[in-house]
There are 2 protein chains.
Amino acid sequence: MATITDVSKKAGVSRSTVSRLIAGNGYVSDEARKAVEAAIQELGYRPNTMARGLRSNRSDIIGGVVVNVSSPFYAQMIGGMQETARSAGKSIIVASGYADRDEEAHAIIELLDRACDGLILYLENALRDDVLEIIARSKTPVVTVGGNECPPARARVTIDNATGAEAGMRLLLDQGHRHIAYLSGGTIYRDTHERLSGIDAALAGFGLARDDIYVEHGSFSETFGQQASARLLVERPETTAIFAGDDDVAAGALLALKAAGKRVPEEISLLGFDDNFHARHLTPGLTTVRQPVDEAGRVATRLLLSILDGEPPAAPVITIPTELIMRQSVGPARSLSPTPRTVAPALTAS
Amino acid sequence: MATITDVSKKAGVSRSTVSRLIAGNGYVSDEARKAVEAAIQELGYRPNTMARGLRSNRSDIIGGVVVNVSSPFYAQMIGGMQETARSAGKSIIVASGYADRDEEAHAIIELLDRACDGLILYLENALRDDVLEIIARSKTPVVTVGGNECPPARARVTIDNATGAEAGMRLLLDQGHRHIAYLSGGTIYRDTHERLSGIDAALAGFGLARDDIYVEHGSFSETFGQQASARLLVERPETTAIFAGDDDVAAGALLALKAAGKRVPEEISLLGFDDNFHARHLTPGLTTVRQPVDEAGRVATRLLLSILDGEPPAAPVITIPTELIMRQSVGPARSLSPTPRTVAPALTAS
DNA sequence: GATCGATATGGGATCGATCTCACAGGGAGA
DNA sequence: TCTCCCTGTGAGATCGATCCCATATCGATC
């Protein structure tokens, strides 16, 4: 591989001149520029990333930690990150944190060892103290996405769970549903609480309160959706609508409803959250609250890039709006004659 | 950040000794070892990846190019790669090739610039000549996965499309189907041809040939599945089974079948390929040939790691077996009395 | 004509590790 | 006692870039 010295010799200039040309700073005469460009072309010269990084203390690598790289949800986010990073000439290394505190710590430390210019974290746990200190010492800027707050973060991107859940619940209420079950994810997640507050807001708009619906806390899993729904059909047969904590829960609920011979949405309505890959492939198509996680990845990366450029982030917290995706799994409540009020439009609150 | 010199001073030895200790080669006395370990601990020393890489010409990074990072299919493969790489202390940088020759070229060049120790490629096009030369010049070992052959690759991992398609077709034949449509992906893919040869083999086992079924070539997309199936229902109403080129095609086919009021599998059977995330969420659950793409990612990475260790790869081509996943979308042919022969067992050849 | 700023270039130190080589000490064998 | 090998250590060169500083030329200004 050709080095900068080879180029400089071939072009009859010093390494400094070549370096200046590549970096695009400092003065370079037209004559020198042409000679150097020709030499670069001829030798097929490509700067050595390691040497550059060692000297300038930049790697042009952004580190990302998500819960699970293999999951379609995070894959979309990674796609968004990568797309944005690529246009700034940076690459992304991602690692999985597996929702485990020590795995998350390990992943972060490994990324910092690689001298990442910055970190984008989607974690499920608070950072370990030693990791906090390592991050601080390395002065690596951090942007977090979703989940909980995280001390060293210079900026945070969240998805507007509250407004999304509010829009979803309002849709159900608008359709005349009053016996509603909310099959929530675990209470350890910030998301869960935000969604609940949105649900409260929608209820309040109809003169109702949390106690007027049935809420069960479980996990974000198909199994939970299936089991809780099966139980629900027996113990609360008056239920006309299920609002699932996410699309996996909804998929499980749908299995249970079909097993029980319930028609969706004629007998019971089903509403999801996320707009997973399979939401549209369910039968009936799942009406759901879309979380634009790819957009979150893009925004987080853009924030990080601006921090790296020395600009302050656009805002310390950026909230990505959700969108209500209307498919076929939600309909009017079965006991009511269909006098739907205006259906809530796709809510795109900022 | 502490450097190796800081450590050596604190421990009262030379940098060489510290380096030897870390690398685990050469002689280090117990006394020195203890002193150095204490110093490392105390200073929180972590070796600088850039400096090490510059000198030793290794980055401990493996580069991966897949068609699309955001897609669940490739996300699974990336997960497998990462898991394996991590256990060897290496990280992975992935890029999308978007099935475009120039995008693929760009991604590879970028990864080579990062001085990747090796590349794992899942491409859809032949490599551009200039890229071939750059790879050769950099002496970076390459392992390819799926898709077509690729000159510079030291080893190749393929998924056993032929045997998988054979098992799928045999299942349909076993169930008495004789009016079968195969909605294939594009003919530019090696996969397509391999699957067709497997289909031929299954047909031959029943004394049939390719001409005895209907084959249509399109693309690996839901749209193709939907349109082709809709046409099929009109033009070839005798069809009792559709074998889809992949699960996306199958999902499209299912939409068309439902739109036409056909019951699956009572009136028409549907068989997929891949076992995508949504295969089990379709209604009925999609019977399909599973491609263990996560395993392919793991195997490819293991191959690359062994090449990097100087060992020859276990084999130049490693074929990952597929698995027939039985769900509900395939049943006996409608005109036949249900005298199914033995249903083909889940085929796990070689 | 002296001074100053802008343009243009080169020399060498530097980043933090690895790696080769030289060398010292000690025990074994001739 | 001398040689040889094994253990253990350190000095210094090296990887390939960037970056600071010195310097040279030229035109404009005083």
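Model, not experiment: these values are computed from the prediction. Numbered from 1 within each chain, the chains take letters A, B, ... in sequence-line order. Values below: every heavy atom of this structure, side chains too, minus hydrogens, waters and symmetry copies.
Rounded to whole Å, the distance from CZ on B:R52 to P on D:dG16 is 18 Å. Note: CG (A:L54) to P (D:dC15) measures 14 Å, nearest angstrom. As a whole-Å value, the separation of A:M50 CE from C:dT18 P is 12 Å. Look at NZ on B:K9: it is 15 Å from C1' on D:dA11, rounded to the nearest Å. One interatomic measurement links the two molecules: CG of A:D6 to P of D:dG16, which rounds to 9 Å at whole-angstrom precision. Between the P atom of C:dT18 and the CG atom of B:D60 lies a distance of 11 Å, rounded to the nearest Å. Put simply, CZ on B:R46 is 16 Å from P on C:dG16, counting in whole angstrom units. One can place CD1 of A:I4 at 14 Å from C1' of C:dG11, the figure rounded to the nearest angstrom.
Within the 4.5 Å cutoff, no side-chain heavy atoms of A:M1 are placed close to those of A:N48.
For a distance-only test at 3.5 Å, the side chain of B:R15 qualifies as a donor-acceptor partner of the base of D:dG12.
Counting heavy atoms of neighbouring residues, nucleotides and ligands inside a 6.0 Å radius, atom CD of A:E311 exceeds 12 of them. When the shell of 6.0 Å around CG of B:D100 is examined, it contains more than 12 heavy atoms from other residues, nucleotides or ligands. Within 6.0 Å of CG in B:D130 there are more than 12 heavy atoms belonging to other residues, nucleotides or ligands.
Close to D:dT14, at under 4.0 Å from its OP1 or OP2, lies no side-chain N or O of B:R55. For A:S14 and C:dG10, the shortest distance from a side-chain N or O to OP1 or OP2 is below 4.0 Å.
One finds no salt bridge joining B:R128 and B:E133 here, because no Lys/Arg side-chain nitrogen approaches an Asp/Glu carboxylate oxygen to under 4.0 Å. B:D294 and B:R298 are joined by a salt bridge, as a carboxylate oxygen and a charged side-chain nitrogen come within less than 4.0 angstrom of each other. Note on B:R46 versus A:D113: salt bridge recorded, some NZ/NE/NH1/NH2 to OD/OE distance being below 4.0 Å.
Within residues 16-42 of chain A, the residues that have a heavy atom under 4.0 Å from DNA chain D are, in order of number, A:S16, A:S19.
With both pairing distances under 3.5 Å, C:dA24 is matched to D:dT7 as a Watson-Crick or G-U wobble pair.
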